[in-house]
Protein chains: 2
Amino acid sequence: MKADLGQIDSTTIQSQVYQRLREALFTGDLTPGESLTIRNLATVLGTSPMPVREALQRLVAERALVQMPNRTFRVTPFTPDMFRELMRVRMTVEGLAADQAARRMTATGLRKLTQLNAAMIRGIENSDPAQVMTANRNFHFTLYEIAEMPQLLDIINGLWLRAGPYLTNAHRKLVDPLPFFRAGTLFHERIITACQSQAPKAAATAMACDIWHSARRFRRDVDLINTPEPEPAPKRPRGRPKKSEKPT
Amino acid sequence: MKADLGQIDSTTIQSQVYQRLREALFTGDLTPGESLTIRNLATVLGTSPMPVREALQRLVAERALVQMPNRTFRVTPFTPDMFRELMRVRMTVEGLAADQAARRMTATGLRKLTQLNAAMIRGIENSDPAQVMTANRNFHFTLYEIAEMPQLLDIINGLWLRAGPYLTNAHRKLVDPLPFFRAGTLFHERIITACQSQAPKAAATAMACDIWHSARRFRRDVDLINTPEPEPAPKRPRGRPKKSEKPT
DNA sequence: ATTCGTGATCTGTGATCTCAATTTATTTTA
DNA sequence: TAAAATAAATTGAGATCACAGATCACGAAT
């Protein structure tokens, strides 16, 4: 029996929808303030409303989406306070992850992190911000996985999910992002060096500096950049149709 | 119009189910490893399966429940690694909350915290562990709310939700819990003093010590206490009924 | 005696429908 | 003319059903 029958995808539809929406949030395809409806998404994704509804509710529970008083779903708007808080919490939480990763670091882990930072540097040389940001994200999560703290990783995933739409949008609007990205790779090198030396506190400090550098860079821009994209006009808003819209 | 028509409860059924399950987890009515089914809970709570399903899935997303390979829901089992991790993360995260609360502390806040710690002391004098634990929880969350960091509070809520079933169970099994609880109130006094003195780092340290004291107290017991309660025999397990069970 | 196949049952998932709340525009009333 | 009432539409929530996967017991086949 040589035929490759392939794998059957037994992932539930709802978790596929959830992952699709997560990615859209990370990549900035969904922007803060943007409205989502169950039926529209179900149509776009080719499913019934149920799995969409459940995915949306999960994202609400994770605060990546909010539900308005009229019950519609929106991508969580971004405020200066929220920005400050997320960055402050990230410094502490991701600092802890870096500290614990340094305590558990292996040669394989160091090699991997070095490769990922090199990939980020290549993205800078290629003037390709998307490559840079993917490599940055991979660097961070590879490091945090080395810490082997699944509950903490879950918390960090939630923080990135919330900050994701804003940060993706903010990076896109940088006129010249390359010096900013270059500084990021230097912090990564500090983290790698600290891990190599089994210096957990230095790793945590370098991580906090990486995040702080980000926070400081975007601090003054948060009100301007945060302006939600103009809401695409809903095809047919709620309410009674106008006489002019009625078919003859 | 003098008649008091009362308020209409517009909370969705699903969020009522969710809150009910949360409370059951906190109070230990639901224990680690315990199995839950949608239809059974819906019958017990007098709802259709839908809101129960959505509440359960939210709790899975929050890792308070897990879904087994055969898709049934269970309260997340507790392991020594999970215990260590949760406590380590709590020291850091709740330390940050205490630090930020100290920076924002008001006279009203101090008074409130003092009263809550006094309530805890009264519970100790009354030899009433449930009163002690409620007061302890109220103390912590009042402090964290003063920090005015909603994202961080959300993270802490998630941590307590996961640790809740275990800690409730563990406290219940203490032969003489009073000295342990008394030490807790002393840490709370240190936190209050640090907040009064506008000493955020001292507040964070006292909080970490409070949690560390808990962690150390239960560290050796975690394997014994963690043993899941014997699963109540399901009324009618999956599979074909035995001949002996068939009606004549 | 062991293994395999079949049927019965439970379980969660997804589909579909109905309902209630919200929103908007038009019509009616004063 | 302004305010109130009515109508029409969207939206999520809840109910219900069907389905597929998992599990168990029993009978048939070897």
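In the text below, chain A, chain B and the rest are named by the order of the sequence lines, each starting its count at 1. What you see is a predicted model; the values in this text were computed from it and never measured.
- The separation between A:L56 atom CG and D:dA13 atom C1' is 13 Å, rounded to whole Å.
- Computed from coordinates, the A:L45 CG to C:dG14 C1' distance equals 14 Å when rounded to whole Å.
- A:R240 has its CZ atom 10 Å from the P atom of C:dA25, to the nearest Å.
- Relative to the side chain of A:T12, the nucleotides D:dA8, C:dT23, C:dG14 differ in distance, and C:dG14 lies closest.
- Here B:E34 does not pair with B:R74 in a salt bridge; the nearest charged N to carboxylate O distance is not below 4.0 Å.
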Legend entry - Contact pattern, 5' to 3', of nucleotides 15-21 of chain D - B, S or - by protein heavy atom under 4.0 Å: BB-B--B
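- The CD atom of B:E54 sits 12 Å away from the C1' atom of C:dT13 (whole-angstrom rounding).
- A straight line from CE of A:M68 to P of D:dG12 spans 13 Å, rounded to a whole angstrom.
- Neither OP1 nor OP2 of D:dA8 sits under 4.0 Å from any side-chain N or O of A:K243.
- In this model, the phosphate group of C:dT23 is approached by a side-chain N or O of A:N70 to a distance below 4.0 Å at OP1 or OP2.
- Not one side-chain nitrogen or oxygen of A:Q67 sits closer than 4.0 Å to the OP1 or OP2 atom of D:dG12.
- Remark: of the listed residues A:I146, A:N136, A:L153, A:L153 is the sole one forming a side chain to side chain contact (heavy atoms under 4.5 Å, CB included) with A:F141.
- A:R88 and A:T92 share a side-chain donor-acceptor pair at under 3.5 Å.
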Show every donor-acceptor pair shorter than 3.5 Å between a side-chain atom in residues 44-53 of chain A and any protein atom, with sequence neighbours excluded, or say none if there are none.
from, atom 1, to, atom 2, distance (Å)
A:S48, OG, A:M50, N, 3.4
A:R53, NE, B:E54, OE2, 3.1

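- To the nearest angstrom, P of D:dT10 lies 12 Å from CG of A:N40.
- Atom CZ of A:R20 has 12 or fewer heavy atoms from other residues, nucleotides or ligands within 6.0 Å.
- Using a cutoff of 4.0 Å between basic side-chain nitrogens and carboxylate oxygens, A:R63 and A:E85 are not scored as salt-bridged.
- Within the structure, every side-chain polar atom (N or O) of B:Q57 is placed at least 4.0 Å from both OP1 and OP2 of C:dG12.
- Side-chain nitrogen and oxygen atoms of A:K242 include at least one within less than 4.0 Å of the OP1 or OP2 phosphate oxygen of C:dA25.
- Ionic pairing of B:E23 and B:R137 is present here: one or more N-O contacts between side-chain nitrogen and carboxylate oxygen are shorter than 4.0 angstrom.
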